[in-house]
Each structure stands twice: as structure tokens, then as C-alpha cells.
Amino acid sequence: MPDSNVTTEMGGATARPPIALGLALTRLLPRTSESGLKTAHFRKPWIAAGLLAPQLLILLFFFFIPSYKALSLAFVQVDPFGAREIFVGFENFSRLLMSPDYQRSAFFTLWFTAVQAFVTIALAMLFAFATDFVIRGRGIYKSVILMPYAIAPVISGVLWAFLFNPAVGPMAQFIHSLGLPWDPNRRPFDAQMLVIVATVWKHICYDYIFLVAALLAVPHSLLEAAKLDGARPVRRFFTISLPLITPTIFFLIVMNVVYGLFETFGIIDAVTKGGPAGATNTLVYKVFQDGFVQLNLGSSAAQSVILMIVAILFTVLQFRALERKVNYQV
Amino acid sequence: MIERNLGLTIFCHAVLLLGAAAVCLPLYFAFVAGSLTLQEVQQTPFPWVPGTHFFDNIVSAWNQGNFSRLYFNSLVVTIGIVIGKLSISLIAAFAITYFRFPFRMTAFWLIFVSLMLPVEVRIIPTYEAVADAGAPLRWLFSATGLSGLIETVSGYRIEAALQWNMINSYGGLILPLIASASATFLFRQFFLTVPEELCEAARLDGAGPVKFFFDILLPLSRANIAALSIILFLFGWNQYLWPLLFTTDDSMATAILGLKDLVPVADTAPAWNIAMAAAFFVMLPPAVIILVMQRWFTKGLVDSGK
């Protein structure tokens with residue numbers, strides 16, 4: 001009966017897996033060799049080694065060795081043909097951090113990520129609240145709002161690039177007919193707005209799924225009690241549901257920031273290619289540009305290392321977010 | 001909890017309709033653009049009513065972009081990612097939760113650490129790793145002096161044998177994308193919730209680990225496997241950065257790359273009608289999967305937190 005299984009899990013979906021993840025982390029802390037091991041287990045080390053081998057080998061070749069290489073490349077200068085390597089210590093980093101290009105890119109990435117995360121979560125919250133409240137047509141609304149998840153970031157970028165294309169795009173024509181200037185190929189601010197719109201459009205569905213599930217998991221007894229006390233729906237949302245789902249929101253903030261930082265390559269590449277004049281050059285796009293287009297491997301590796309540190313930081317935050325979920329759950 | 005609040009109900013429907021419209025509008029305009037001719041797509045104002053050339057455009061986009069080949073590539077790569085990642089993670093998670101062996105925690109941490117770095121931040125070194133997958137082995141052989149030994153004994157140059165260039169190969173497109181432990185972690189979490197009695201009973205009945213895995217654990221994990229396959233399918237089909245770097249040969253490109261190639265750039269004819277028609281058949285497989293399997297997809301997404 002896999003079907004009934006799923007439905008029961010759907011109800012508590014928000015609570016279950018994150019709790020499991022959070023517990024896993026706390027379970028890991030006492031570092032005994034027993035943790036995370038079933039009481040009834042097998043003792044056949046060779047079979048275990050065989051089962052683990054594919055995963056570990058793939059990680060070794062495509063994760064650990066590349067990561068180690070990125071680290072070591074960050075401290076050397078290589079000429080583009082890879083003939084010579086000279087150890088330069090932290091020079092790649094200091095030159096990078098001093099470069100106005102990099103500072104501009106970092107600054108844009110920061111505010112782009114922040115604006116994108118805020119708008120996405122706010123809109124998703126509005127839709128989730130409305131979905132929770134309406135009865136008729138809930139399923140249809142859900143299906144439609146979920147659609148962009150199926151669409152690749154780069155296709156989302158292509159769609160919006162077309163809509164706002166200054167020559168043929170219908171939306172651009174609409175803006176022009178209002179007498180306003182619009183040209184994302186020349187005006188940096190227009191390009192930045194367009195990138196933000198495309199990322200938000202692509203990512204609302206993700207936050208929406210989590211928020212709808214979280215609102216479903218708010219205990220009905222609490223809402224009934226508040227209703228008996230005379231609280232209207234909006235008030236119930238702000239005084240009961242919202243505080244109870246803050247852990248989900250916190251988790252989503254982390255995930256949105258990660259999305260903005262690392263997963264918008266396709267959108268940027270399709271909409272603006274980092275332009276005009278580097279106005280939409282995010283840090284990840286810059287790694288690609290400097291490394292593959294301009295073949296500045298040392299600088300690109302140093303950028304990778306900085307991004308790795310940021311990524312590790314956010315993974316830790318993500319797990320903290322999952323842990324906090326446990327404490328708040330009713 | 002039945003409650004009548006007409007104003008709020010209307011407001012909520014309005015919000016949702018607006019949201020649905022915001023989702024559909026770009027898709028609708030893409031459809032309109034995809035149904036026009038090259039002349040019509042350039043007119044101002046842009047028409048609201050679709051033209052009659054949608055299927056013509058689809059056909060010419062399909063042929064122009066060589067999509068028979070690209071679609072096939074995308075399917076191979078996507079299915080490779082789904083099956084590869086699922087099978088590797090299932091057995092790794094099984095080993096880590098159901099076996100006692102030396103360095104168990106070390107193995108777990110090695111896998112766990114890989115959750116921390118998304119592929120995007122290690123693009124270039126991974127590119128090198130894929131371009132020359134034999135390099136670490138060559139290094140190992142020469143560092144341990146084995147290569148010299150083999151050469152003197154058999155006259156065989158091991159360096160020459162260890163040249164694997166994975167660029168423009170399905171392996172190069174698939175393997176780096178399954179080098180992350182998210183699925184392993186997910187299955188580990190699930191295995192930890194499986195009742196202990198099942199394994200005890202299986203062992204009392206004389207079942208070994210292999211039999212236990214195939215007869216009990218796998219059937220139990222069906223729901224998780226289904227949910228995760230959907231997420232992985234979308235992930236694989238929608239890849240852009242990897243295939244962009246790893247394929248220099250057009251016949252090894254994926255459907256997404258083919259679409260990107262059709263998008264008009266400055267100084268070319270603005271053939272948006274062809275590009276938009278192509279966007280529809282490139283979006284089709286993931287869209288169908290999401291619509292048909294929505295419930296599983298939601299579960300998979302919320303479970304994996306990704």
C-alpha cells in the first residue's frame with residue numbers, strides 16, 4: 001500500500017524529514033562507532049566495503065580530487081597552457097579582493113541574492129496563505145503555481161529574455177508604450193531587474209511547496225481555540241501559524257540564499273551574460289568567465305575557494321535551520 | 001473548520017489567479033511567439049492571438065537543431081543520472097546503516113562532507129578531472145614507482161594506458177553529476193526509521209545481507225525511490241552548466257543546450273518563433289512528469305530539502 005503511505009506522510013511532511021536530518025546531526029555528535037548503526041546489523045566488512053566502493057570512488061575522482069586541486073591552484077600562478085606553476089601564496093586572493101571588478105560582482109551578488117530571497121519568500125507566503133484559505137480550486141492553483149519547477153533555469157531565462165527583449169518582446173513593447181525607457185542590453189538597472197524577475201519567477205514554486213506543507217501541519221486544535229476566542233483568519237495567521245512556521249521560513253531563507261548564490265548561472269547566462277558591462281556578473285558567473293573565457297586559472301581558483309568557504313558556511317547554517325525546526329515543532 | 005468570510009475568500013482567489021496568471025503569461029506569450037512566422041514575430045504591437053504556424057515551427061526547430069540526436073542524448077544522460085545515483089546511494093546507505101566494519105564513521109563523514117560543496121564552485125578542477133580522469137592513477141603509479149617497475153619488466157608504458165578523456169562522452173556528462181551524497185544521506189535517514197524487527201526476523205530466517213536488501217529493504221523504499229527519481233529526473237534533464245563545459249562536439253550536446261543555440265543573438269535574424277517553439281518540446285518531459293506525478297514530486301522535494 002505505498003499510496004496510503006504517501007498521503008499520511010504528506011500531512012506531516014514538513015516535520016518529518018527535517019527532524020530526521022536534525023536528529024542525525026545531533027546523533028552524530030557523540031562520536032561513538034555505534035551511532036547511526038542499526039542494532040540488528042551484519043558483520044561482513046568485505047561486503048560493506050564492496051557496497052561503499054562505487055560511492056567513495058566517484059566522490060574521490062569527481063569531488064575530493066577536484067576540490068583539492070581548486071585549493072592548490074588558488075595559491076599558484078599558471079600560464080594558460082598549463083606549462084608552468086609558480087607558488088605565489090595569498091597573492092591571488094589579495095589581488096582578487098583588491099580588484100574593483102570583483103568587489104562590484106560581490107556587491108551585486110549580495111543585493112541580488114537578498115532582494116531575490118525576500119521577494120520570493122514574501123510572494124510564496126502570500127500564495128501559500130491564500131491556498132490554505134480557499135477551498136475551491138485549490139488543486140488547480142497548486143498545479144499551476146508548481147509548473148515553473150519543471151522549467152530549467154536557462155529556459156526560464158530565455159522566456160524572460162524574450163518577453164523583455166527591447167526589439168520584439170511584448171512586455172518591452174508595453175513598457176515603451178507607456179513612454180518609459182527599457183533596454184536590458186544597455187541599461188544596467190534594467191538588466192538587474194530582469195534577472196531578479198526571472199529568478200523569482202523560477203523559484204517561487206519551491207518556497208510555495210514548503211510553506212503550503214508547513215501551513216497544513218499547523219495543529220488544528222490551536223487554530224480552533226483561537227477561532228473560539230474570536231480571532232479572524234488574518235489574525236490567526238499572524239499570531240499562530242506564522243510563529244509556528246518560522247523554522248520553515250528560516251530554512252527557506254537559507255535555501256534561497258544558496259539558490260541566489262550558486263544556482264542562477266543558467267538564468268544569468270540566458271538573460272544578460274553578466275552584462276551590460278558586468279552589471280549582472282554574479283560571483284559564480286565570474287568564476288566561469290575568468291576561468292573558461294579568459295583562462296585566468298589562478299584567479300578563478302581563488303574565487304572558487306572563496307565560494308567554497310561561503311558554501312560550507314551555508315551548509316552549516318542549513319543544518320542549524322533544520323535543527324531549530326525540531327525545537328519549535330508542537 | 002467551515003467559516004464564511006466572503007471578502008477574504010475573494011481576495012485569496014484574486015491573489016491566486018494573479019499568481020497563476022504570472023506563471024502562465026510568459027508561457028502563453030512563448031506559445032504565441034512560437035506560432036508566428038519570422039515576419040509576424042517582429043511586428044509591433046505583439047499579437048495576443050496565436051498564429052497558425054506552431055507545428056511548422058516545431059518541425060523546423062526540431063530539424064534545425066538536430067533534436068533527434070539531442071533528445072536522445074538528454075534521455076541517456078538523465079536516465080543515467082537517475083539510475084546511477086539511486087543505485088550507488090542505495091547500496092552505500094545500506095552499508096552504512098546495516099553493517100559494522102572498521103572506519104564506518106570515517107566513510108560516513110567522507111560522504112557527508114560532499115554535501116557541502118555544490119558543483120558550481122568547483123567547476124574548473126572538475127573539468128580537468130573529467131578531461132583527464134586517469135591523471136590521479138598515473139600520479140599514483142609514478143609516485144609509488146610502480147610504473148617504472150612495470151615498464152622495465154614488461155616494456156609496457158602504463159602512462160599511455162591511463163589516458164582517459166571523458167569529454168564528449170556520456171560518462172563525462174553523468175559521473176560528475178552523481179558525485180554528491182544527498183541521496184545517500186536521504187536513504188540513510190529512511191533506513192534508520194525501518195523497524196529493527198525486520199532485520200532480526202530476516203536473520204533468524206537465515207537471510208543474508210543481499211537477500212535482506214532485495215526482499216525487504218528495497219520494497220520498503222519504493223515510495224522514497226519514486227519520489228527521488230522524479231527530483232533527479234528534473235535535475236538531470238535541466239542541467240546546463242555541466243553539458244555546456246563538457247561537450248565541444250555538437251552531436252553530444254543535450255536538448256537544453258540545443259535550445260540555447262537557437263536563441264537569437266545580436267546581429268542575427270530574430271528567429272524567436274523557432275526558439276520559442278523549441279522551448280516547448282524541450283520543457284515537455286519534465287512538465288509532464290510534474291503534472292502526472294505531482295504528489296510524489298512534492299514528497300520528494302520536501303523530503304530531500306533540495
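Here is how names work: the chains are called A, B, and so on, in the same order as the sequence lines, proteins then strands, and each is numbered from 1.
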Validation row: A:L37, B:F99 side chains within 4.5 angstrom (heavy atoms): no
Has the side chain of B:W237 got a donor or acceptor atom that lies under 3.5 Å from a matching backbone atom of A:A152? no
Counting C-beta onward and ignoring hydrogens, is there a side-chain heavy-atom pair between B:Y98 and A:I47 closer than 4.5 Å? no
Correct closest heavy-atom pair for A:Y149 and B:N238 would be O-ND2, 4.3 Å
If you round to the nearest 0.5 Å, how far is CZ of A:F129 from CG of B:L16? 10.5 Å
Comparing A:D269, A:I306, A:L283 against chain B, the one with the most heavy-atom pairs below 4.5 Å turns out to be A:D269
In Å and rounded to the nearest 0.5 Å, what is the CD1 to CG distance from A:I155 to B:L27? 10.0 Å
Ignoring hydrogens, what is the shortest heavy-atom contact between A:F162 and B:A33? Give both atom names and the distance. CZ-CB, 3.4 Å
Between chain A and each of B:T184, B:L245, B:L198, count heavy-atom pairs under 4.5 Å; write down the option with the most. B:L245
Tell me, for B:A22 versus chain A, whether the close heavy atoms (under 4.5 Å) come from the side chain, the backbone, both or neither. backbone
Pick from B:A275, B:A287, B:P209, B:P176 with the largest number of heavy-atom pairs that fall under 4.5 Å of chain A: B:P209
Top residue by heavy-atom pair count (under 4.5 Å) with chain A, among B:V263, B:L25, B:I111, B:V282? B:I111
So B:P26 and A:W160, do their side chains get closer than 4.5 Å, heavy atoms only? yes
Note, A:R136 side chain near B:T9 side chain (heavy atom, < 4.5 Å): no
Is there a side chain to side chain donor-acceptor pair (under 3.5 Å) between B:Q294 and A:S143? Walk through the geometry before answering. CA-CA 8 Å; B:Q294 197 188 104; A:S143 305; 2.8 Å; yes
For A:K38 and B:F191, work out which heavy atoms get closest and say how close. NZ-O, 2.7 Å
With a 4.5 angstrom heavy-atom cut-off, could you sort out which part of A:L163 is near chain B: side chain, backbone, both or neither? side chain
Evaluate the side-chain proximity of B:P286 to A:I151: yes if any heavy-atom separation is below 4.5 Å, no if none is. no
Over all heavy atoms of both residues, which pair between A:F42 and B:G208 is shortest? Give the atoms and the distance, please. CE2-C, 4.1 Å
Between A:L56, A:I65, A:V234, A:I58, which has the largest tally of heavy atom pairs under 4.5 Å with chain B? A:I58
B:F101 to A:L52 - nearest heavy-atom pair and separation: CZ-CD1, 3.4 Å
Less than 4.5 Å to any heavy atom of chain A: does that hold for the side chain of B:F233, its backbone, both, or neither? neither
So, the part of B:P285 with a heavy atom under 4.5 Å from chain A: the answer is neither
Testing A:L126, A:D132, A:V134, A:T131 one by one against B:C12 for a side chain to side chain contact (heavy atoms under 4.5 Å, CB included), which residue passes? A:V134
Which of the residues A:C205, A:A167, A:A311, A:A48 is involved in the greatest number of heavy-atom pairs with chain B at under 4.5 angstrom? A:A48
Which answer fits B:I96, side chain, backbone, both or neither, if we ask what part of it has an atom under 4.5 Å from a heavy atom of chain A? both
So CG of A:L60 and OG of B:S114: to nearest 0.5 Å the spacing works out to 12.0 Å
What closest approach, in Å, do B:M276 and A:L159 show between heavy atoms, and which atom pair accounts for it? SD-CD2, 3.9 Å
Which answer fits B:I290, side chain, backbone, both or neither, if we ask what part of it has an atom under 4.5 Å from a heavy atom of chain A? side chain
Residue among A:K44, A:M171, A:K69 with most heavy-atom pairs under 4.5 Å to chain B: A:K44
Chain A heavy atoms under 4.5 Å from B:V194: which part of the residue, side chain, backbone, both or neither? both
Identified side chain to side chain contact (heavy atoms under 4.5 Å, CB included) counterpart of A:Q55 within the set B:I88, B:L90, B:L110, B:I178: B:I88
Region of B:L175 that comes under 4.5 Å of a non-hydrogen atom in chain A: both
Distance from B:T126 atom OG1 to A:F61 atom CZ, nearest 0.5 Å? 13.5 Å
Chain A heavy atoms under 4.5 Å from B:L291: which part of the residue, side chain, backbone, both or neither? side chain
